[in-house]
Amino acid sequence: MADKEYDVVVIGAGSGGYIAAIRAGQLGLSVACIEANSYADPRGEPRPGGTCLNVGCIPSKALLASSHLYDEIVHGTAKHGIVAENAAVDIQKMVERKDAVVTKMTKGIEYLFKKNKVDFLKARAKLAGKTGELYVVELSDATATTKIFAKNIIIASGSKPRQLSGVVIDNDVICDNVGALDFTEIPKRLCIVGAGVIGLELGSVWRRLGSEVTLIDSMANFLPSADADVAKEMLKSMTRQGLKFDLGVTIEQILPEPEGATVSYRDRDGKSVHLPVEKVIVAIGRVPATEGLNLEAIGLQIDERGYIPVDERCRTVLPHIFAIGDVVRGPMLAHKASEEGVMVCEIIAGQAGHVNYDAIPFVIYTSPEAAWVGKTEQELTRAGRSFKAGKFPFSANGRALGHGETEGFVKILADAASDRVLGVHIVNSAASEMIGEATMALEFQASSEDIGRICHAHPTLYEAVREAALDVEGRALNI
Ligand code: FAD
């Protein structure tokens with residue numbers, strides 16, 4: 001590939017980068033996508049998929065599915081009159097299955113790269129200035145350093161776990177997301193530092209498999225960016241399932257011990273707590289990853305929080321350099337990164353390209369799941385916006401009763417004057433799927449009346465979305 005010239009060079013093959021490369025190929029642009037990280041590739045070669053496919057969304061959901069199945073067999077079957085005794089976990093096999101899912105997905109990307117004529121370059125990329133109209137990208141692998149040239153560059157270098165000061169991650173006892181997805185034994189006691197989305201999902205996996213899980217967080221507010229009703233319902237449900245929470249704490253130290261570690265902190269009342277555990281997972285958020293890119297070689301700088309500054313179309317201060325995904329502002333979500341990748345390639349190809357940042361769904365894949373799109377009630381109140389709310393509980397939904405999963409609700413917020421839907425918030429075992437209808441409603445600027453007038457199949461969980469929409473005008477039919 002040395003000295004080759006491309007219309008588009010994408011740095012990073014995660015959710016943002018690999019989708020951008022495929023879209024560029026579809027649009028007839030010559031494109032290379034560069035990836036440095038081999039993750040757990042058995043050949044030790046860089047592989048595509050980034051955080052999401054290798055050590056994030058996909059492996060965590062594979063383990064959530066396995067642990068949910070086990071939990072259902074142990075605790076969920078009896079109420080259906082099914083006797084299932086002596087269920088046991090083979091953790092090795094569970095982790096192998098997760099790895100097989102990841103491998104299948106990453107191989108799928110390599111196939112898609114070939115199909116769309118994307119050159120997949122396994123190397124570390126570094127920006128190396130400009131020659132004429134072309135940007136120079138230096139590629140280094142174990143054996144050589146070469147150069148390629150680009151008319152346009154898309155930086156999709158992603159993010160890395162935020163470090164807890166003074167704590168060394170060994171990914172054996174004290175883990176980030178990478179080690180947390182590869183435990184070889186079920187820890188008797190597990191402490192998760194960070195009660196956010198990743199902490200809750202990983203905590204659910206190991207709690208279901210039998211660990212005693214304590215989540216600690218320096219914030220006293222649980223899920224502060226979720227609608228307050230969602231946060232309240234989720235805290236109630238997670239606590240009922242056996243997850244322990246200590247919120248508003250001050251973490252003092254995490255000390256490795258011969259058999260695990262001791263987590264020391266002050267609780268919200270100032271009382272000193274020493275928690276002996278076998279494993280610790282640090283999940284206190286993620287920060288943009290830009291080290292080694294040599295941004296200064298082309299005159300780019302990161303902002304005070306480490307992000308690459310971009311406009312609403314992901315263009316940096318340089319017209320032919322774009323940045324997308326976790327390395328730029330906005331929610332650190334795989335689908336947001338992918339949408340930005342598509343938008344940028346369409347712009348490069350001379351098309352319109354857009355991302356509607358007001359209609360990006362959020363999901364927490366616990367049990368029940370929580371999902372939302374648009375504004376929360378707190379956001380609307382803070383903005384002084386007049387709104388109406390409709391709510392419908394799953395305890396009044398026939399399908400949920402049949403499933404035996406009646407926790408949660410659908411809540412719809414609509415503009416008081418125009419009735420336009422401003423936010424939809426769902427807590428339910430299938431919230432991640434139901435949020436699709438709500439996202440479509442926001443994208444098409446639907447009113448709550450529009451949703452209320454759509455025929456919903458019966459019996460389904462998403463009838464609750466229609467009922468919540470009807471409740472905005474106080475005319476839900478089944479409650
Ligand atoms: P990444 O996926 O991080 O990809 C960036 C890639 O660039 C990496 O592979 C990196 O090696 C490569 N790279 C960086 N610098 C260079 C260089 N100089 N040269 C070559 N390559 C380079 N999001 C969701 O939407 N849903 C979920 O359910 C979800 N679950 C998650 C669970 C966990 C445990 C974690 C950690 C994250 C989860 N996320 C989830 C977040 C999601 O993974 C990220 O938002 C998404 O991966 C961001 O995509 P990206 O392309 O910006 O970056």
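As a basis for the values below, the full set of heavy atoms in this structure was taken, side chains included, without hydrogen atoms, waters or symmetry mates. Every number for a ligand or one of its atoms is a count from 1 in the order of the listing.
- A search for side chain to side chain donor-acceptor pair (under 3.5 Å) contacts involving Asp246 returns Tyr265, not counting sequence neighbours.
- Checked by distance only, ligand 1 and Glu35 come closer than 3.5 Å through their nitrogen or oxygen atoms.
- In this comparison of Cys52, Gly292, Gly14, the heavy atom closest to atom 47 (O) of ligand 1 sits on Cys52.
- Of the listed residues (Ser15, Ala36, Ala156), the one carrying the non-hydrogen atom nearest atom 5 (C) of ligand 1 is Ala156.
- For Phe222, the ring pair (Phe, Tyr, Trp, His ring centres under 6.0 Å) criterion is met by Phe245, not counting sequence neighbours.
- Between Phe113 and Phe120, the ring planes lie tilted relative to each other; the angle falls in the 30° to 60° range.
- Heavy-atom proximity to atom 48 (C) of ligand 1, evaluated over Leu127, Ile281, Asp326, is greatest for Asp326.
- When the options Cys57, Gly16, Pro288, Gly56 are ranked by their closest heavy atom to atom 39 (N) of ligand 1, first place goes to Cys57.
- Contacts between Tyr18 and ligand 1 below 4.0 angstrom, taking non-hydrogen atoms only, are absent altogether.
- Of the protein's non-hydrogen atoms, Gly158 CA, 3.1 Å is the one closest to atom 53 (O) of ligand 1.
- Nearest-residue assignment for atom 18 (N) of ligand 1 (options Ala125, Gly341, Ala334, Ala123; heavy-atom criterion): Ala125.
- A side-chain donor from one of Gln241 and Ser237 sits under 3.5 Å from a side-chain acceptor of the other.
- Side-chain contact check for Asn171 and Asp176: at least one donor-acceptor pair (N or O, by modelled atom type) lies under 3.5 Å.
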